[in-house]
Every structure is written in C-alpha cells, then in structure tokens.
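What follows is a single structure, written as structure tokens, with notes after it.
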Amino acid sequence: MAKVEQGYISTPEEEEFELRAHIGSVWSGGRLFIGMYTFLLASLAYTYFYLRSSNSGNLWRPNHMTAPMSFGWGIVLATALAAVLAVYGQWRFRRGGVADWQVAGWTALALLLGALMLQIWELTKLPFYPGASGYASSFIGWGVFNIATLIVSAYWVETTLARGMRLRTEIGGDRPTLSTHPSAQSFRANVASMTYFMGFVGVGAAFFFALFYLI
Amino acid sequence: MTISAERPVATSGGATTTTERVSWTQRPGIWSQHLGTAIVGAIVGYLLGHWLGNAIASSYPYVQNSGQNVIAVTLGEIFGVAGWLLGIGALNYPLAKLTGRQPAKEVDVQGWSKYFRYSTNHKTVGLQYVVGVLLFLFTGGLLAMAIRTELLNPTTHYFSADTYIKIVSEHGTVMMMMATSIVVGPLGNYLVPLMIGSRRMAFPRIEAFSFWVFTAGYMVIFSALPLGGFPTGWTGYAPLQTQAGPGMIGYLFGFAVIGMGMMAAGFNMAVTIINYRAPGMTWSRVPILVWSLLATSALLTLATPTLFAAGVFGLLDKTAQTAFYVNEHGGSAYLWQNLFWFFGHPEVYIMALPGFGIVGEILPVFTRKPLFAYKVGAAGMIGVALLSFFVWQHHLYQSGINPDMRPLFMLTTELISIPTGFIYLVGMGTLYKAKIRFEIPMLFALALYFNFLIGGVTGVFLSDVPVNVTVHGGFFVLSHFHYTIMGGLLFAFMGGLYYWLPKMTGRMLNKKIGLWHFWTMFVFFNLTFFPMFIIGLLGQPRRVFTYAKNLQGLNDFSSVSAFLLGFSFLIFAFNMVYSLWINPQKAPANPWDSRGLEWQTANPVPSYNFERIPVVLSDPYRYSEPGAPAVADLGDAGLVHAAPQD
C-alpha cells in the first residue's frame, strides 16, 4: 500500500529504500560521530603530550602533583562498567533479551550519572590551582571534556531506553528485537550505534585515567 | 536493493494518509517559535548568564583586580546562545526525545515566514544560508573598506592603532567564518539531495541546527566589538590572546559556536552523500560538486573538533585561570598555534575544494564537453583532503617548530600541490579546444582559474622555507590568501549563485547587470590585491596601521580599487533585488541545458524534490556524446533526455 506524505506518494519500494538509507545513516552517523569525538579527545591528548614535552619553566608537573586518586578510580570504574554493561546489554538484546538490555541500560545510566557527579565533585576538591602547571591545566581540560562526554553518553543511553519502552506499543506489541516494523529496525540500528559509542567512551576514560593518574 | 525502472504507480485508492501530531511551537503564526522568539531567548539568556556570572565571580580577586568579569561575559554568551536555540525551537526535539516520544511533525510552513523558522526542509535551509553568508560577507566587506580607508595615508589616521587592529581582526575572523560555510551551507544544503536523487537530507534537524548555530556564531563574534574587540588578528595567537580583554571571549566562543555548526553541517552532509544516493548513483557517477563536498565534509567533521578544543582551552584560560597558553605557568603559547593550524590548514581546503567543485559543474555545461578526467579530479579532492592534515606546521616555520622539522613540512606542503594540480588540470583539460558559451557563471569559473593560478603559484613559493622566512607576516602572504580564498572560493560562489539561483528561486538574474558585476569584481579584485604582492615584497607588514611613505602610491591605488571592488558587490546586491523582486523573470526549468540531475526537477522544486526516486543511468557530464543515455529515469515523469545537445 502506498503512503501519502507531504504531497507525494511513496511506493513500497521507495519506502524500503528510504528505510535502508535511514538505517545506513544511523549506522554511519554513529561511527562518524565517534570519529569526530576521537579528534576532540586527541586534541586533549596532544595538549597533554605537548605541554609535557615542552615543560615550560619546569612547570609541567612540579612535585608530581596528581588529582585525587580515589575520585579518579571512582570515575573510571563507573564509566568503564557502564560501557561494559552497554555492550553486554546489546549482546543480550540481539538474542532477544530485551529486559536484560533494559536493566543493563538503566544501570549503565545510573553509573554514568554517578561518574558525572564524581567528576564535578572532583573539580571542587583538587589539590592544585587550575593554572598551577601544565598538568593542572590539562587536567581541568580533561575534567570539562569528561563532563561533556558523560552528559552526551547519558543522554544517548537515556533516550534509547525511553524510546525502547514506548516502541513496543508503537509496533503493535511485537518484540523490537525481531520486528520488521521500520521503527524497530531503526531502533536496533540506534542501539548498535549507541553501544559502539559507549565502548569508545569506556576506552577513552581508561586512556585518560592512565594519562592523568597513573603515568 | 534496487528500485526497478518500471515502478508501480500508486493510485489514490491505494494510498493511506497519516495524521501527524503537530507541536504548538511549530504551528504557523505569531504564537509559535520563530526568529522573534529566538531574539527574545538570546537577550533573556544573555542577561541571565551575565547576572549569574556576576553573582558567582564578582568577588574573585582577579576579577576585582582587572575590573573585568570575563566569567559574566562568558556565561552571558553561553546562555545567550542557548536562549537563541531554545527560542527558535532547536531544542524541542532533543528534549522530547528524553521521554521516548517520536518528535512532533514539523509543519512545512509556506510563504516568507518559513525563512524565519527552524525549518527542516533542506531547500529552505539552503536559502536561509544564502542570506546568512551574504550578511557575513557584506559586514566583513564593510570592515575591509574601513581597513583600506585607514591605509590611504601613512600619517593621517582615521582610527587609532588599537582600533585598527581590532577592525582587521574582526574582518579576518568574520570572513573566515563565512568562508567555511559559504558553499556547504547554501549550495550544499540546497543542491546535494537534488544532485544525488534524494528527497531529503539524512538528519534534517541537524541541518537546521547547523544554520541557527551559524547565525548565533555571527552574533557572538560581533559581540566582541561592544566588548572592546580583540587585537590578535583572525589567528588569535597567544600571548596576545591571553592579554586581551573581554572582547577575546567573543572570538574564542564565536569560533567554538561556529565550529559546532561546521561539525553539524559536515556530519549531515557526509552521511547524506554516503547513504541517500539514488539507485544507480554509483561513486563514479557522483557529481564532482558532491565529491568536493564529501571531501570538505570529512575535513569539517574531523578537523573542526580541534578548533573547538582550542577555543575551549582559551576560554578556560580566560575564565577558570588555567594556563594552557601561558608559558610562565607551564603552558605554551605555541600550543595554540599547533591546535589552531591543525584545523586552520585543512580549513584552507574546506574553502578551496567546494569552489573547484562548483566550477567542475559549470565548465562542462558551458563548453558542452565531458568533464576531463573526472575520476582524477575526484581522487585529487580526496588526496588534498588527506594531505591537508599533514601540513599545518608550515604556519609555524618561524615560531614554535624545531628547525629540523621544517624540511618535512616543506615536503608535505609541496606534495599537496600535486593533487591540487590534478584538480586544476581537470579544468584546463575540459577547456581545451572547447567552444565556450560566455554566460556569467562561466565567466566567474574562468576567473577562478586565472586568480587561483596566481594564488597557487605564490603558495608554492610560500611553502619554501627561505621565501617564507623572508615574506612572512607581510602583505605578500595577505595577497596570496586573498587570491586563493576570495579569488578562488568567492568567485566560484558567485558563479554558483548565477548558475543555480534560477533553480533555487525560479528567477533568472539579470544578465546585463550580472556582466557589470562580473567585470567590476574581476578587474578591481586584481587591481586591489596584485599590488599587495609588490607592497609585501617591499616590506610592508600586515596588521600595522602605518607604513613607509614611499609605499603610499601603491597603497592608495589598492585602496581605491578596493572601494570599487566593494561597489561591485553593491551591483550584485542590486541585481538580486532587481531580478528577484523589481523585475522578476521566470526561469525555465533548465535554462543552461544542463544534464545535472538537479535540473531535471520541476521549477520551483517541489518540497519532495522528485515525484519518484530517480534511477540514475549515467554520469551527468556526457555532453556532445552521440547516443549518450539519459541521466536518470524519473519514473512517472518519463526518461529525461537532456543530452546530447550542442
């Protein structure tokens, strides 16, 4: 059956073409977004190594100043666990475990929000001033980027979960993991992209934790 | 999956109509969201942010010592932009998503009011961008007139040295911001779906977001002037940046905001080109403009985050008192240069590639020849895009680079001239033995090749360390980049407007006035900027409001030419007003006899672009080729026979 939309009639073939293009967009858009974010975080990593190697006035990291380790561990563990849960959730989702995915997703969201609160709290408890050294400046930069990253991640996870909850009604009670309804197909593509991004966030958190707390 | 050439025709009896929920904020009329609510949102947001900043930071010692609360200014700018986006409706969808709902259907508002709304129609966004970039261009141009007025005399001054450098800085920044979006925004958004046979962009809301963020960036950068301006030039170098007053916030935050728009635009464009090409639109049939926009989008998406990060670090230096760019506190002024140019040099190609894409579309139409070595041209664009990430340090030949690294970056910089040369030769090959129709778009295309030759050759000189060391920081460099950006991109953009405005507006631009526009612009562009090569070689530095007395003759010549160049833009503006409103002439559906898919649609283009999604049958450049197949099967509209024609 053809569908009238905005003054034109789409044939079933065209509907299918549009759907495939849309799913492809969600898929490639998710990966491109990761690429974009990689360049953003790479700018921070470049800054870290540039200031470290420049060591202007021997002020890269006087007295090996380090941000509070307890906060660092808390943030990285919460973020990494959220990433693992997102990956696990998708693994279960693909096998039809929608409830497992939802539980994993909401837990991941709680962990991300926890990490966000810890990150903000940490910035108020630093044992150095923002301009005390190259390290201190880079760390503040990381704090700001990490807050943004955690907000973006939490938003993506939350909107996906919320969409998943409403989807079942929309697709007539079918399971979103199996349904051929266009909304369900689009949703699955979004879940996959979100999971990739969460994996990326987890790796990024571990990388910068190593840079700022361990090295 | 392919769509067969013989498609079923849906009958009204078999059709279903869906009733969509429409948000009150999107309904037509004054009680909805539009430019007015955006302005109110921006003002309220700015005041709120400024008040908050004062409440937080007015007691801070460094605020009290300096007497300038940059935190209040920064929060004012941030909240102002947020209020602008909230007011226009850009945040409706992201907020609605939090509840898991599908977004309310956007109304496709008819009439003029749609240009003042958050439209998700790519054609509306394209035309919004036309007005937006022209606003940027004309205000930046007025600042250029002020610069040339000051340089009329080395001893009689219209501005103080401080005011002069701030005008120069504002001019450069505004023009660079404009130039990054001048093709991707107006022509890219309008034309790409039409050229690839799509009914839409991949992410229409992101597309609309990119435009409204772009306009917010315009206001932020101009807010620098009432805040005292910034003295750094468009490059914003530290430590000047660190020492500058609150006007610097306008620069740093302005670039960050524009950067968000650029990333959004590039992201949407790239995803659309990859996924929404019509059946049969293989990569070897993709129009050269689309190739150029794909390469540009990759650069926008991947290089701009670095600019964004650099801007955020600068803002943190100003507000949180970090020391990213402060040598005395463990930072480095050179860090800014590296981050800035890691974006800044790809940006040069963000500006150059779409220009070549435009002339690549125009040349075959007006020579009635296939585009010479099409695949080499496309490969050249990808090559330029890739190499552009490896040349940034040539901007640091004289500062912040280990001298041993200079030869490496000299090599990469000279390497990039190879794919650039490919692109240039594609144009020359197309022109070879051609019977040219000297229509206005073609004149602008030819002017690009003339101007870019001068800009390109001087660029090769500048890539060499010894020459660069000699002429760096002077008018020679200034003239070089005006020849590449203005002489290249802006001429291409003008050619593109004359070429595609009949499709975009349904009106032909007046040819006689257009000829006046072209010749005054071409002649006075060259008379303005060519003398600057000589002025530069004779030692006049950039960004300084006085100069040696013996250079006054050349400067005056350049200034008078610049005023006449400015006048040429008035001719263009008059042509727009005259042709679109005073004496409108209806444009035929395909006034240039082009094979391009975008010309195979009706005039004006319906909101859905194509009645049937086309099946592409051949590339669009097979002019004068006996037996060449039609470009596309447009379904019910029948096969399109746009070629061959002589």
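Convention: sequence-line order gives letters A, B, ...; per-chain numbering from 1. Quantities reported herein were computed from a predicted structural model and do not represent experimental measurements.
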Given that the side chain runs from C-beta out, which part of B/Pro94 has a heavy atom under 4.5 Å from chain A: side chain, backbone, both or neither? both
Heavy-atom distances under 4.5 Å only: say whether A/Leu44 touches chain B with side chain, backbone, both or neither. both
Heavy-atom pairs under 4.5 Å with chain B are the metric here; pick the option from A/Glu158, A/Arg61, A/Arg52 that has the most. A/Glu158
Could I get the full list of salt bridge (charged side-chain N to carboxylate O under 4.0 Å, His left out) partners for A/Arg163, not counting sequence neighbours? A/Glu170
Quick check for you: among A/Asn58, A/Thr47, A/Ile140, which has the greatest number of heavy-atom pairs under 4.5 Å with chain B? A/Thr47
Work out which heavy atom in B/Val312 is nearest to a heavy atom in A/Val144; give both atom names and the distance. CG1-CG1, 4.4 Å
At a heavy-atom separation under 4.5 Å, does B/Leu316 approach chain A through its side chain, its backbone, both, or neither? side chain
Test: B/Arg199 and A/Glu14 ion pair at under 4.0 Å: yes
I need the contact set between residues 317-327 of chain B and chain A: heavy-atom distance under 4.5 Å, sorted by residue number. B/Ala320, B/Gln321, B/Thr322, B/Ala323, B/Phe324, B/Asn327
Side chain, backbone, both or neither: which part of A/Met36 has a non-hydrogen atom closer than 4.5 Å to chain B? both
Evaluate the side-chain proximity of A/Thr11 to B/Arg612: yes if any heavy-atom separation is below 4.5 Å, no if none is. yes
For B/Asn275 and A/Trp27, what are the C-alpha separation, side-chain angles and deciding distance, and is it a side chain to side chain contact (heavy atoms under 4.5 Å, CB included)? CA-CA 10 Å; B/Asn275 292 289; A/Trp27 193 93; over 6 Å; no
Give me the contact list for residues 197-215 of chain A versus chain B, heavy atoms only, anything under 4.5 Å, ordered by residue number. none
Find out whether B/Phe389 and A/Phe39 are in side-chain contact, i.e. whether some heavy atom of one side chain is under 4.5 Å from a heavy atom of the other. yes
Quick one: does B/Pro305's side chain get under 4.5 Å of A/Tyr37's, heavy atoms only? no
Treating A/Arg166 as the side-chain partner and B/Thr99 as the backbone partner, does any N or O pair qualify as donor plus acceptor under 3.5 Å? yes
Evaluate whether atom CG of A/Asn63 has more than 12 neighbouring non-hydrogen atoms of other residues, nucleotides or ligands under 6.0 angstrom away. no
Among B/Leu302, B/Thr304, B/Leu307, the residue with the most heavy-atom pairs under 4.5 Å to chain A is B/Leu302
When every non-hydrogen atom of A/Ser25 is compared with those of B/Phe203, the smallest separation belongs to O-CZ, 3.6 Å
B/Phe313 and A/Phe145: ring pair (Phe, Tyr, Trp, His ring centres under 6.0 Å), yes or no, with the steps? CA-CA 10 Å; B/Phe313 297 159; A/Phe145 280 15; 5.6 Å; yes
Under the salt bridge (charged side-chain N to carboxylate O under 4.0 Å, His left out) test, residues paired with A/Arg92 that sit two or more places apart: A/Asp100
Is there a donor-acceptor pair under 3.5 Å between the side chain of A/Ser56 and the backbone N or O of B/Gly331? yes
Chain B contacts, top residue of A/Tyr129, A/Tyr46, A/Phe139 (heavy-atom pairs, under 4.5 Å): A/Tyr46
